[in-house]
Amino acid sequence: MGLNFSTQLDHRMRDYLRGRADELLNELRPQCRGQYAVAFLNRVWNEVEPRASQAPQLQHDKEPREMEQVISEGYVMQHVESRKKLKERYLVMKASYHLEYFETKEAMQRGQKADGVVMLSGYVVLSSVTDYRDRLSQSWPQFNGMADTHWEEQHMNCPTSYPLYLWHPYRPHLLLCFHSAEVRHIWSTRLADGIRHLNTVLFRKDLFDVRAFLEAVRVYRQRKGHYGICDLYLGSETEILSNLVMEDLCPVLETQLIPHVRGAESKRKQTWLKLLLKIRNN
């Protein structure tokens with residue numbers, strides 16, 4: 001097989017991966033039904049015999065913003081994978097905490113559709129090349145191809161002294177470059193707020209069906225030998241299920257696909273990221 005990642009996912013492999021995903025979801029369904037029944041009975045019990053609320057009585061929630069309200073915007077240098085270079089983009093973050101980017105500020109003001117939208121849940125903000133490289137070394141498969149530094153030169157070579165990396169185990173990474181430490185700090189804070197908000201969207205819902213879903217995921221992972229709260233629990237129901245599927249499929253991809261990808265290490269890394277993105281989107 002060559003370097004074209006689409007050739008790695010032939011019909012046989014796609015059917016196999018789809019079967020693995022269906023098998024996982026089928027195993028999770030009984031857990032969801034059981035936990036749903038337990039959560040429903042707990043809700044009825046609480047209605048029959050109300051228990052004292054554990055919430056602080058003197059604490060008030062912050063007034064929510066309008067979802068379309070812009071909370072941060074400005075020009076930033078962003079690495080564009082399709083062009084394999086850094087390009088100035090106009091970044092906009094609204095109160096919905098979705099990160100949008102446009103070709104120009106004028107394009108945003110004219111109401112044009114954003115060139116791209118980044119769902120921030122599950123991302124990690126890193127301001128150090130060393131920290132980003134460490135994250136990558138922990139997440140890459142063991143490549144045995146010809147070593148080179150081409151990928152690192154493209155993705156870590158910020159033209160300023162103020163880079164910012166957004167890392168995710170199953171989504172495209174973002175490299176942003178700023179012209180001052182102050183601007184980087186502002187964006188870093190905003191991005192961290194957005195990530196924290198979207199990560200906990202389910203945990204902030206006081207709904208018995210949400211609690212049942214999260215408990216079902218926890219029990220399912222425990223039966224697979226995985227314990228504790230981890231990054232898989234971040235985001236919406238769909239994102240959490242997608243993370244579970246990717247956790248199950250990544251070992252298969254590493255053992256069955258990566259050995260057949262030829263070429264320099266940088267090319268193999270690009271192929272790996274594209275494989276993950278294509279499978280996750282499907």
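Along the sequence shown, residues carry numbers from 1. What's counted below: heavy atoms across the whole structure, side chains too, no hydrogens, waters or symmetry copies.
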Atom [atom1] of [X] and atom [atom2] of [Y]: how far apart are they, to the nearest 0.5 Å?
| X | Y | atom1 | atom2 | answer |
| --- | --- | --- | --- | --- |
| H168 | H173 | NE2 | NE2 | 8.5 Å |
| L91 | E73 | CG | CD | 10.5 Å |
| L191 | M93 | CG | CE | 4.5 Å |
| D115 | E100 | CG | CD | 10.5 Å |
| Y220 | Q31 | OH | CD | 9.5 Å |
| E88 | Q78 | CD | CD | 11.5 Å |

Locate the shortest heavy-atom distance separating [X] from [Y]; write the atom from each residue and the value.
| X | Y | answer |
| --- | --- | --- |
| F213 | C32 | CD1-SG, 4.4 Å |
| Y132 | L126 | CA-CD1, 3.7 Å |
| G235 | S121 | CA-CB, 3.9 Å |
| Q112 | F102 | O-CE2, 3.3 Å |
| L198 | S96 | CD2-O, 3.9 Å |
| K105 | Y75 | N-OH, 2.9 Å |

Just wondering, do E103 and R89 contact through their side chains at under 4.5 Å, heavy atoms?
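Contact flag for R89/E103 side chains = yes.
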For a 4.5 angstrom cut-off between non-hydrogen side-chain atoms, does R218 reach E215?
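Yes - at least one pair of side-chain heavy atoms lies under 4.5 Å apart.
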Test of understanding: clusters of I, L, V, M, F, W, Y form through side-chain heavy atoms closer than 4.5 Å, transitively. Do [X] and [Y] belong to the same one?
| X | Y | result |
| --- | --- | --- |
| V76 | Y162 | yes |
| V92 | V117 | no |
| V245 | V219 | no |
| Y101 | V125 | yes |
| L166 | I186 | no |

Checking I240 against L202 for the side chain to side chain contact (heavy atoms under 4.5 Å, CB included) test, could you report, in this order, the C-alpha distance in whole Å, the side-chain angles of both residues, the deciding distance, and whether it holds?
CA-CA 10 Å; I240 291 174; L202 284 185; 3.6 Å; yes
Could you pull out all residues at least two apart from E27 that satisfy side-chain hydrogen bond (donor to acceptor under 3.5 Å, both in side chains)?
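With neighbours one apart ignored, the set is K224.
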With a 3.5 Å cut-off and no angle check, do the side chains of E239 and S242 form a donor-acceptor pair?
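Per modelled atom types, E239 and S242 side chains form no pair under 3.5 Å.
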Between the main-chain N or O of [Y] and the side-chain N or O of [X], is there a donor-acceptor pair closer than 3.5 Å?
| X | Y | result |
| --- | --- | --- |
| R184 | P163 | yes |
| T160 | F178 | yes |
| R171 | M119 | yes |

One pair to check against side chain to side chain contact (heavy atoms under 4.5 Å, CB included): V124 and D131. What are the steps and the verdict?
CA-CA 11 Å; V124 177; D131 291 342; over 6 Å; no
Please test W187 against L176 for side chain to side chain contact (heavy atoms under 4.5 Å, CB included), starting from the C-alpha separation and ending with a verdict.
CA-CA 10 Å; W187 273 101; L176 307 175; 5.9 Å; no
Within 6.0 angstrom of E106 CD, more than 12 heavy atoms from elsewhere:
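More than 12 heavy atoms, drawn from other residues, nucleotides or ligands, come within 6.0 Å of this atom.
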Residue among R196, R190, H197 satisfying side chain to side chain donor-acceptor pair (under 3.5 Å) with D193:
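Exactly one option meets the side chain to side chain donor-acceptor pair (under 3.5 Å) with D193, and it is R196.
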